[in-house]
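Each chain gets a letter, A, B and so on, in the order the sequences are listed, and its residues count up from 1.
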Number of protein chains: 2
Amino acid sequence: MPAARGGDAQKTGPTLEQVAARAGVGRGTASRVINGSPRVSERTRAAVQAAVAELGYVPNRAARALAAGSMDAIALVVPEQENRLFAEPYFSEILRGVSAELADTDKQLLLTLIRDERSRDRFTQYAAAHRVDGVLLVSVHADDPLPDLLRDVGMPAVLSGRRSSAEHVPYVDSDNLLGAQLAVEHLIGRGRRKVATITGPLDMYAARCRLAGYHEALTAAGRTGPEPGARPAVEAAHRPAAAPGGRLVAEADFTEEGGHRAMRELLERDPDVDAVFCASDVMAAGARLALRESGRDVPHDVALVGFDDSAVARHMDPPLTTVKQPIEEMGRAMVRMLLALMGTEPDPRGAPAPDAGQPQLVLPTELIRRGSS
Amino acid sequence: MPAARGGDAQKTGPTLEQVAARAGVGRGTASRVINGSPRVSERTRAAVQAAVAELGYVPNRAARALAAGSMDAIALVVPEQENRLFAEPYFSEILRGVSAELADTDKQLLLTLIRDERSRDRFTQYAAAHRVDGVLLVSVHADDPLPDLLRDVGMPAVLSGRRSSAEHVPYVDSDNLLGAQLAVEHLIGRGRRKVATITGPLDMYAARCRLAGYHEALTAAGRTGPEPGARPAVEAAHRPAAAPGGRLVAEADFTEEGGHRAMRELLERDPDVDAVFCASDVMAAGARLALRESGRDVPHDVALVGFDDSAVARHMDPPLTTVKQPIEEMGRAMVRMLLALMGTEPDPRGAPAPDAGQPQLVLPTELIRRGSS
DNA sequence: CGCATGAATGGGAGCGCTCCCACACACGGG
DNA sequence: CCCGTGTGTGGGAGCGCTCCCATTCATGCG
């Protein structure tokens, strides 16, 4: 039996050929029906569809990919050097959104964790060889060359979060600046006089934005600041921790330990702090611990606000007021953007991109009030 | 130019043919080198490898899959009706393990969230058509038909967690019974007299195991129980909440709300409860809340132990004593088992499976002591 | 009434690979 | 000196699909 080859035993389903035969049409016509080409008569279409149903035909992706030169798959790339605490809630939300949006397309979702140099190189090569049609990049660091590499090889890609304000690769981000501003305004509105902040690593754009929001809210409220009256530019937000004008800034690294250390540092610098805006919930958990150790009550002595609205926030005692990002929606938006990009990119024939969708998108953030403030 | 077809513009990398030409050998030989066949002379091997390096050759997966009849991909299937709280930490740990173990193979990881009937059918069909080589199933419910469906179409699959003690599909599980036993023994060892438990939904095998562990520990300690002296069978563990012999069992659903409600119920039934073993950390968080509301101190008045060692446990106040499962290792083990299955399964020619690896594996659990007990 | 025009269709070519058959070519024993 | 026996090797035949060219009709126009 010359038919059974390769993987053997794999009773691979019916082929297009068989469907066509059953419907009494040619292979080409069957293909046209299955791919929804308009150039097919109604009768024929019905016949083929019936045959598909009867035979339970499922197109062979490999064959399709090989013939069409597209893989019908997109990769979700997650760098894994990241502290898992940071990645957890954010990542699973993104995943949910991506998967939901992809459910209607019949594209596959390929998950790639990049954990070291070797796996990064592997993926780069893989992408360069066009083994996927598009790439979603989650939590990219400012110095990550991957986005540019992908652009160079003509691989459509969408980032979650910018690497800088000059980001030229398409991205979906949330409004970190406004979110931080809301948080700090809220603290001021609750009558807090000495509002400090614990920032993320300031080589990350999101962290800088949140710090800028902090400064902006204080300035707007008329509190003295480093640049009185001047609109603090996000790019310039990277300034010494002990800013002039008495603002209380401590830099940490989005980890709980970092938040704990930063809070102790703040208390040492100014024991009268009565509010802290933390650039992540996890850091807020660390700060909470430091406050408890110093005998301070939350929210009575010190009000606390976090960022992310992750599970940690709900489980803290008291529950943490925090800034919620629409993470699932960000995942969905990333997919929509990528699909649009993929629809236009591979067409070099002058067509000026029908509607690529906004290649950069900033989604709103929202303050969730809970017991900690 | 008759060469540029299909996807256009996709400057797909060099082909095997080109590599072979460059190395001055035939296509077949080049293929043999790349797939590590031993029947190649050292000289030739070196020449081909050099050509591969120079050209930056990356094999085309689609072509390979089509020709070989195997897809070089496995699917990780996650049912999504699941409450996200439960899924979060567990899922991301599994993912880490799976991905790590898969990094050395050059198999792709395909992620499939199943959210409704429609997507389930779609996946079933997809698998039946052998579009993946194997399937990893996470958090399967006792009545889920998917595992059997997959077995029927000859698709290798591995479960995380059994559906019952008679599970016949290969699985990796953790030792829920022993873990629960450790937890309850620990509580007894701390001098607690009235140890209650909050179980998961008792139509889930893991929940029944944990309950059985509770009973077993109490019986071993000589506390009166429903079946004095008898070894409580896991299968029989599904008994009325108000068990004879004074044991305190409340059933919940692995959610925080459920844990909260169950704790209130327990306190009502017996206000003198001085310890509670919760079958999940999340439920313990709910129980913690109920205890606080009732004015009881943890651990002074009531000691609390959870299960999972998730992030919630570390962030509770006081930090939660809990039973840790080696979740990442479970992910790794699942992949190893699946690969073994895939290596043997497709061979129908009588070969009695060289070393399929243990088709069922139960990994140990461990008690993590923290402030809550 | 004949011929250009378009719609619907059939089927060849080929995507890049693996499998496997056939073909060298080097041996050693009869 | 001829024939196994083995080791490397080349390349044909597809895998199931999409693309596209050719073909067949039915239609409308000159």
query: Do the non-hydrogen side-chain atoms of A:Thr112 and A:Arg122 ever get within less than 4.5 Å of each other?
result: no
- prompt: Does any donor atom in the side chain of A:His168 or A:Asp148 lie under 3.5 Å from an acceptor atom in the other side chain?
  reply: yes
query: How many Å lie between CZ on A:Arg64 and C1' on D:dT18, as a whole number?
result: 9 Å
query: For B:Met71 and D:dG16, what is the distance between atoms CE and P respectively, to the nearest whole Å?
result: 12 Å
query: What's the spacing between A:Met330 CE and A:Leu363 CG if we round to 0.5 Å?
result: 6.5 Å
field: Pairwise side-chain contact, B:Glu54 with B:Pro14, heavy-atom cut-off 4.5 Å (strictly under)
entry: no
- request: Have a look at the helix from C:dC1-D:dG30 to C:dG30-D:dC1 and give the angle its two end axes make, five pairs each, rounded to 10 degrees.
  value: 60°
message: At less than 4.0 Å, is any side-chain N or O atom of A:Asn60 found next to OP1 or OP2 of D:dC15? Yes or no.
response: no
message: Can you measure B:Leu16 atom CG to C:dT18 atom C1' for me and round it to whole angstrom units?
response: 9 Å
task: Could you check how far CD1 of A:Ile34 sits from C1' of D:dT18, rounded to whole Å?
output: 12 Å
task: Find the distance between CG (B:Leu137) and OH (B:Tyr171) and round it off to the nearest 0.5 Å.
output: 15.0 Å
message: Nearest whole Å is fine: how far is C:dC17 C1' from A:Arg131 CZ?
response: 11 Å
- prompt: Any side-chain donor paired with an acceptor under 3.5 Å for B:Arg32 and B:Thr44?
  reply: no
- request: Applying salt bridge (charged side-chain N to carboxylate O under 4.0 Å, His left out), run through B:Arg118 and B:Asp121 and close with a yes or a no.
  value: CA-CA 5 Å; B:Arg118 204 171 64 85; B:Asp121 289 349; over 6 Å; no
- request: First locate atom CG of A:Asp133, then atom NZ of A:Lys107, and finally report the distance between them rounded to the nearest 0.5 Å.
  value: 5.5 Å
message: Looking at A:His130 and A:Met71, would you say the former's side chain and the latter's main chain have a donor-acceptor pair under 3.5 Å?
response: no
- prompt: So, is B:Ser31 close to the C:dT18 phosphate, meaning a side-chain N or O under 4.0 Å from OP1 or OP2?
  reply: yes
- request: Check the distance between C:dG11's P and A:Glu17's CD and give it to me in whole angstrom.
  value: 9 Å
Check nucleotides 7-11 of chain D for protein N or O atoms closer than 3.5 Å to its own N or O atoms and list the pairs.
unit_1 : atom_1 : unit_2  : atom_2 : d
D:dT9  : OP1    : B:Ser41 : OG     : 3.0
D:dT9  : OP1    : B:Thr44 : OG1    : 2.3
D:dT9  : OP2    : B:Ser41 : N      : 3.0
D:dT9  : OP2    : B:Thr44 : OG1    : 3.3
D:dG10 : OP2    : B:Gly26 : N      : 2.7
D:dG10 : OP2    : B:Thr29 : OG1    : 2.6
D:dG10 : N7     : B:Arg32 : NH2    : 3.3
D:dG10 : O6     : B:Arg32 : NH2    : 3.2
D:dG11 : N7     : B:Gly28 : N      : 3.4
D:dG11 : O6     : B:Arg32 : NH2    : 3.4

- prompt: What integer distance in Å separates B:Leu55:CG from C:dG16:C1'?
  reply: 15 Å
- line: Taken to the nearest whole Å, CG/B:Leu66 to P/D:dA13 is 17 Å
